[in-house]
2 protein chains.
Amino acid sequence: MVKPKKKRVLRSKADQRADSIEQILDAAEYLFSRNGLHGVSLRDVAQQVGIHTTLVHYYFKDKQALFERVFARRADVSVEGRMEAMRKYEEEAGDKPTVEGALRAFLDTDLDLYVQRGEYWMNYAAFCARVSNTPEGAVLMDRHFDPVVLKLLEIIKRALPDHSDADIFWGYHFVTGALMNTYARTGRIDQLSGGLCRSDDFAAVKQRMAPFMAAGFLSLKSQPQPKAQPKRKK
Amino acid sequence: MVKPKKKRVLRSKADQRADSIEQILDAAEYLFSRNGLHGVSLRDVAQQVGIHTTLVHYYFKDKQALFERVFARRADVSVEGRMEAMRKYEEEAGDKPTVEGALRAFLDTDLDLYVQRGEYWMNYAAFCARVSNTPEGAVLMDRHFDPVVLKLLEIIKRALPDHSDADIFWGYHFVTGALMNTYARTGRIDQLSGGLCRSDDFAAVKQRMAPFMAAGFLSLKSQPQPKAQPKRKK
DNA sequence: ATTATCTATAGATCTATAGATAATGC
DNA sequence: ATTATCTATAGATCTATAGATAATGC
């Protein structure tokens with residue numbers, strides 16, 4: 001944590017601490033993703049790591065704090081990656097961004113992240129998905145992800161200047177629902193499709209999701225909007 | 001519940017039973033929708049109803065059984081309504097069904113159901129949403145909702161004969177994610193939109209969802225499919 | 001000396017069951 | 001007589017804390 005001021009000092013103690021914390025977070029993430037906040041005891045977490053229950057209390061104030069730390073730990077990485085991708089896309093696209101381009105920066109970047117970083121990150125995705133459909137979870141989502149979402153919507157608005165704000169927000173509502181359903185990897189599509197599609201096939205989602213949702217956004221335009229263009233003349 | 005066969009017999013005992021069971025299910029549904037299976041104790045449920053904890057055990061084998069009864073109770077009504085709506089749509093549409101038409105029968109019918117039947121049914125929708133992103137929940141979803149989903153996909157396939165099965169399944173995957181996000185009513189879109197959109201505004205969703213998703217389905221066609229038309233010549 | 005880890009334990013809560021009581025039903 | 005409801009309670013589990021022990025760190 002603290003920068004190693006002296007020489008090769010603080011390997012063990014500080015590292016031991018960091019290690020234990022990471023292991024606890026990994027285990028909690030895994031268990032929370034499968035059983036939810038209340039479906040996991042601190043004893044379960046400790047047991048999964050192979051340490052004593054009280055050590056979890058030593059490092060974390062209480063269960064709620066552990067839960068929020070699990071949420072926060074990887075959130076910033078996800079946000080940063082997508083922010084960067086969208087910034088880059090904005091530069092490339094200049095003054096003619098497309099909905100699909102914005103969505104690709106937003107969605108594909110994140111999908112890639114979990115695939116590339118492997119199992120633990122996939123657990124985090126499932127954790128977020130599970131949490132996202134709960135009232136408390138939505139608050140955490142707001143806290144951590146609102147900036148990156150608003151950035152996405154800003155680009156989409158530029159791509160669709162005639163769409164109403166409400167249409168854009170509802171469009172995002174659909175997108176995030178579909179994304180969370182993907183992250184959840186419940187096996188439902190496997191069952192439904194008789195094995196043709198697999199829940200953990202993020203590549204299949206990546207291939208289809210951005211164009212699918214972009215087409216959806218575009219389709220909203222045709223809706224009759226209360227007081228559309230006539231008002232403002234610039 | 002059961003039709004009074006004799007005269008005014010079996011009002012009280014049978015009715016008392018039915019009443020208690022319904023009240024317990026209503027309370028459990030409400031609490032499960034907000035806190036999940038493990039976030040609710042049978043004591044909580046009993047307290048919410050105003051009865052003694054042990055009465056819950058009298059009527060239900062255990063917590064898991066109560067949970068599944070909550071899920072099953074309204075599932076058939078939802079399924080039947082949508083089946084009927086889709087059958088009706090098929091008749092109207094003849095041999096030229098559209099994706100949007102099929103989706104309207106599937107989505108709008110269900111959205112209407114919860115709005116029209118009021119608070120308790122809205123709780124059920126939130127319950128389903130919460131459950132849907134969990135591994136155990138997905139099994140229940142399969143058990144109860146697969147037939148109505150397969151019916152929907154059957155119509156969509158007829159509307160999109162050149163789409164691959166995988167495209168159809170993934171399209172549905174997006175649809176159901178968006179729908180569950182709607183049912184969850186977490187308040188996230190309220191926060192995100194600064195109050196412009198409201199989580200419980202199912203009318204706003206109904207207006208946009210079917211056309212949005214239909215456009216998405218249509219867009220998948222353009223994807224280059226591995227071995228598409230060339231092979232089979234009919 | 002400091003800090004990571006373990007032992008022991010209090011207090012709360014939860015599930016589930018056995019058995020008593022009170023209300024309806026021929 | 002049957003069945004809805006309550007009383008009492010066992011046994012398990014869970015959170016959280018106080019205090020002991022063992023390992024690292026100047």
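Chain naming here is simple, since letters A, B, ... match the order of the sequence lines and numbering starts at 1 in each.
- When heavy atoms are screened at a 4.0 angstrom cut-off, Ser20(A) is found touching the sugar-phosphate backbone but no base atom.
- Nearest to the side chain of Gln16(B), among dT5(C), dA4(D), dT15(D), sits dA4(D).
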Give the C-alpha distance, both sets of side-chain angles, the deciding distance and a yes or no for side chain to side chain donor-acceptor pair (under 3.5 Å) between Ser33(A) and Asn123(A).
-> CA-CA 6 Å; Ser33(A) 79; Asn123(A) 291 343; 4.9 Å; no

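- Checked against dA16(D), dA4(D), dA16(C), the side chain of Arg17(B) finds its nearest nucleotide in dA4(D).
- Rounded to an integer number of Å, the gap from CG of Leu37(A) to P of dC14(D) is 14 Å.
- One interatomic measurement links the two molecules: CD1 of Ile51(A) to P of dT7(C), which rounds to 13 Å at whole-angstrom precision.
- Remark: aromatic rings of Tyr114(B) and Tyr183(B) are close, center separation under 6.0 Å.
- Closest to the side chain of Thr54(A), out of dT13(C), dC6(C), dC6(D), is dC6(C).
- Atom CZ in Phe60(B) sits about 16 Å away from atom C1' in dT15(C), given to the nearest Å.
- Between Gly50(A) and Thr53(B), the residue whose closest nucleotide on DNA chain C is further toward the 5' end is Gly50(A).
- The interatomic distance linking Asp19(B) (CG) with dA4(D) (P) rounds to 12 Å, in whole Å.
- When the side-chain nitrogen and oxygen atoms of His52(B) are compared with OP1 and OP2 of dT7(D), one or more of them lie within a distance under 4.0 Å.
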Stepwise side chain to side chain contact (heavy atoms under 4.5 Å, CB included) test for His173(A) and Asn181(B) | CA-CA 7 Å; His173(A) 171 86; Asn181(B) 193 32; 3.4 Å; yes

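- The aromatic rings of Phe32(A) and Phe127(A) are tilted relative to each other, their planes meeting at an angle between 30° and 60°.
- Of the listed nucleotides (dA16(D), dC14(C), dT7(D)), dC14(C) has the atom at the smallest distance from the side chain of Ser41(B).
- Protein atom CG of Leu55(B) is 9 Å distant from nucleotide atom P of dA4(D), rounded to whole Å.
- Between Phe212(B) and Phe217(A), the angle of the ring planes goes over 60°, which puts this pair in the perpendicular group of the 30/60° scheme.
- Nucleotide dT13(D) holds its C1' atom 10 Å from the CG atom of Asp44(A), rounded to whole Å.
- A close approach under 4.0 Å does not occur between any side-chain nitrogen or oxygen of Tyr58(A) and OP1 or OP2 of dT17(D).
- A 3.5 Å limit on both hydrogen-bonding distances identifies dC6(D) as the Watson-Crick or G-U partner of dG19(C).
- Rounded to a whole Å, the NE2 atom of His57(A) is 15 Å from the P atom of dC6(C).
- One interatomic measurement links the two molecules: NE2 of His38(B) to P of dT13(D), which rounds to 15 Å at whole-angstrom precision.
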